[in-house]
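Heads up, the thing below is written out as structure tokens.
These figures come from a predicted structure and were not determined experimentally. Residue indices begin at 1 and follow the sequence shown.
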Amino acid sequence: MINSMVDTKYIQGLVDAGRDVVIQAVNPATGENVYNISEAIVLRSGTHITLDGCILRLADGVYTNVFISEGAYDTPDEITDISIVGINGATLSGGEPNGLTEKTANKDGLPAVTKNTMIFFRNVHGFKISGLRISDPRYWGITLIYTSDGIVENIEFKAANNVPNQDGIDLRRGCHDIEINNITGSTGDDTVALTALFNKASEKYNIMNASPDIYNVKISNISAEVTGGHGIIRLLCQDGIKMHDISISNVYDRLIDTKLTRCQAAVRLGDMRYWTISQSEVGDMYDITIDGVTTNAPIAVKQQYEIPGLVMSNIVQVK
């Protein structure tokens, strides 16, 4: 796409020149509010980027993220104190689908499907992602791996389920001490998913000597429409990896209002699939608190097995 490399180099140049960066609504190359992105913008420790009313749109036919933490695809040193904050309607747009999916990834010259997630942080400690609209994602919206001590808040998704696996926010192995708050809009697949698995895709991004467990995560104020009919919140661990001390509160299923379809379940706990080494056992997932779920799904909370310390309250099914 015209100006995609110009726009990318312009933004990366600002990031490299200073740690507190504002991307204005007006693109100096075009006079419009759209910047076309052909390569991921790399955030180093101490980088704080504000998107002020602009649209960062992935260029047609590219296989790239919009933002990544430094070294995300290599063996990264620990990255600390980074943020992406949107104001005045700042938007990350996936533009047109590029054909890269979980089924086509790593085939016929295509890269890993992780390249299609909008924001990809790995081995980041101390972060903030806030105030963004994420529209037309080509895959997951936000992906965090071995990332901790941060917040994802005030995010609005817009996904029509026109490509597979349009999750909103995915916390994968090694994530802990994270708050996810005020998430709205529509996602094609699970709106918030916590998945701790041992497989080729996740092992590729392993951090040596770091625990793969997911814990101390607070998820609150989620009002979402899952256009693919999956779940709003999903918790999944396998292969001996633990998941614990997860708090979920104030989940509202917008399919009650839109009546587009119905979720399989608003909250899904555990799964009998997706294991590589060993299937999860009782005690691998524990101390889960769910307070306030309103849904028209046939099952409000789907629980695959006994979960020690599971506490549920204020679960409402709307007929």
Side-chain angles (χ1 to χ4, degrees), residues 140 143-149 152 165 167-181 183 187 189-199 201-202 210-224 226 228-253 255 262-318:
W140 300 348
T143 302
L144 308 177
I145 300 179
Y146 287 97
T147 290
S148 70
D149 302 289
V152 182
N165 305 109
D167 291 24
I169 301 163
D170 281 75
L171 274 57
R172 309 223 76 190
R173 293 174 53 170
C175 286
H176 61 89
D177 294 284
I178 293 173
E179 293 187 17
I180 300 173
N181 186 40
I183 309 302
T187 56
D189 209 319
D190 304 316
T191 303
V192 179
L194 279 57
T195 53
L197 306 172
F198 184 98
N199 54 33
S202 60
S211 170
D213 297 348
I214 296 178
Y215 58 92
N216 292 349
V217 178
K218 182 178 180 180
I219 303 167
S220 59
N221 302 318
I222 313 297
S223 177
V226 182
H230 298 81
I232 301 174
I233 310 294
R234 183 176 193 183
L235 308 186
L236 167 63
C237 62
Q238 298 283 16
D239 305 310
I241 304 174
K242 310 297 184 184
M243 182 177 295
H244 61 89
D245 293 284
I246 311 297
S247 169
I248 300 168
S249 63
N250 298 328
V251 176
Y252 182 79
D253 186 347
L255 290 173
R262 290 201 298 173
C263 286
Q264 298 172 9
V267 179
R268 302 166 66 191
L269 304 177
D271 202 305
M272 306 310 292
R273 302 166 295 168
Y274 304 110
W275 59 276
T276 300
I277 300 173
S278 61
Q279 201 170 57
S280 58
E281 300 177 351
V282 173
D284 286 346
M285 183 182 295
Y286 60 92
D287 291 350
I288 310 298
T289 302
I290 303 172
D291 181 18
V293 175
T294 303
T295 181
N296 65 351
I299 303 173
V301 179
K302 185 176 182 180
Q303 180 183 344
Q304 288 283 3
Y305 42 70
E306 180 186 352
I307 299 173
L310 173 64
V311 177
M312 296 192 293
S313 57
N314 300 311
I315 311 298
V316 178
Q317 283 183 273
V318 177

Can you pull the salt bridge (Lys or Arg N to Asp or Glu O under 4.0 Å) pairs that have at least one residue in residues 272-295, sequence neighbours excluded?
-> Lys242-Asp284, Asp271-Arg273
Asn216: side-chain contact (heavy atoms from CB on, under 4.5 Å) partners, not counting sequence neighbours | Asp177, Asp245
Donor-acceptor pair, side chain of Arg262 and main chain of Leu255, under 3.5 angstrom = no
Could you list the residues that satisfy side-chain contact (heavy atoms from CB on, under 4.5 Å) with Tyr252, not counting sequence neighbours?
-> Ser223, Arg254, Ile256, Asp257, Thr294
Check against side chain to side chain contact (heavy atoms under 4.5 Å, CB included), Phe198 and Gln238 | CA-CA 7 Å; Phe198 184 98; Gln238 298 283 16; over 6 Å; no
Scanning both residues in full, the closest heavy-atom pair of Pro298 with Cys263 reads CD-O, 3.3 Å
All side-chain contact (heavy atoms from CB on, under 4.5 Å) counterparts of Asp190, not counting sequence neighbours | Asp167, Ala193, His230, Arg234, Arg268
How far does CG of Leu197 sit from CG of Leu236, to the nearest 0.5 angstrom?
-> 5.0 Å
Of all heavy-atom pairs linking Thr147 and Ile178, the shortest is O-CD1, 3.3 Å
Keeping the roles fixed (side chain from Asp239, backbone from Ser278), state whether a donor-acceptor pair exists under 3.5 Å.
-> yes
Per the side chain to side chain contact (heavy atoms under 4.5 Å, CB included) rule, which among Ile288, Ile248, Thr295 passes with Val267?
-> Ile248
Name all residues meeting the side-chain contact (heavy atoms from CB on, under 4.5 Å) criterion together with Asn250; count only those two or more places apart in sequence or in a different chain, and write none if there are none.
-> Asn221
Carefully, step by step, assess Leu310 and Leu269 under the rule side chain to side chain contact (heavy atoms under 4.5 Å, CB included).
-> CA-CA 10 Å; Leu310 173 64; Leu269 304 177; 4.0 Å; yes
Result of checking Thr143, Ile180, Ile145 against Leu171 for side chain to side chain contact (heavy atoms under 4.5 Å, CB included) = Ile180
Contacts satisfying ring-ring contact (aromatic ring centres under 6.0 Å, His included) that involve residues 281-300 (not counting sequence neighbours) are His244-Tyr286
Looking only at atom types and distance, does a side-chain atom of Gln317 sit under 3.5 Å from a main-chain N or O of Ala297, one as donor and one as acceptor?
-> yes
What's the shortest heavy-atom distance between Gly174 and Ile214, and which atoms?
-> N-CG1, 4.3 Å
Cut-off 3.5 Å, no hydrogens considered: what does the side-chain donor-acceptor table look like for residues 300-308, sequence neighbours left out?
from: Gln303; atom 1: NE2; to: Tyr305; atom 2: O; distance (Å): 2.9
from: Tyr305; atom 1: OH; to: Ser280; atom 2: OG; distance (Å): 3.3

Qualifying residues under side chain to side chain donor-acceptor pair (under 3.5 Å), relative to Thr195, sequence neighbours excluded = Arg172
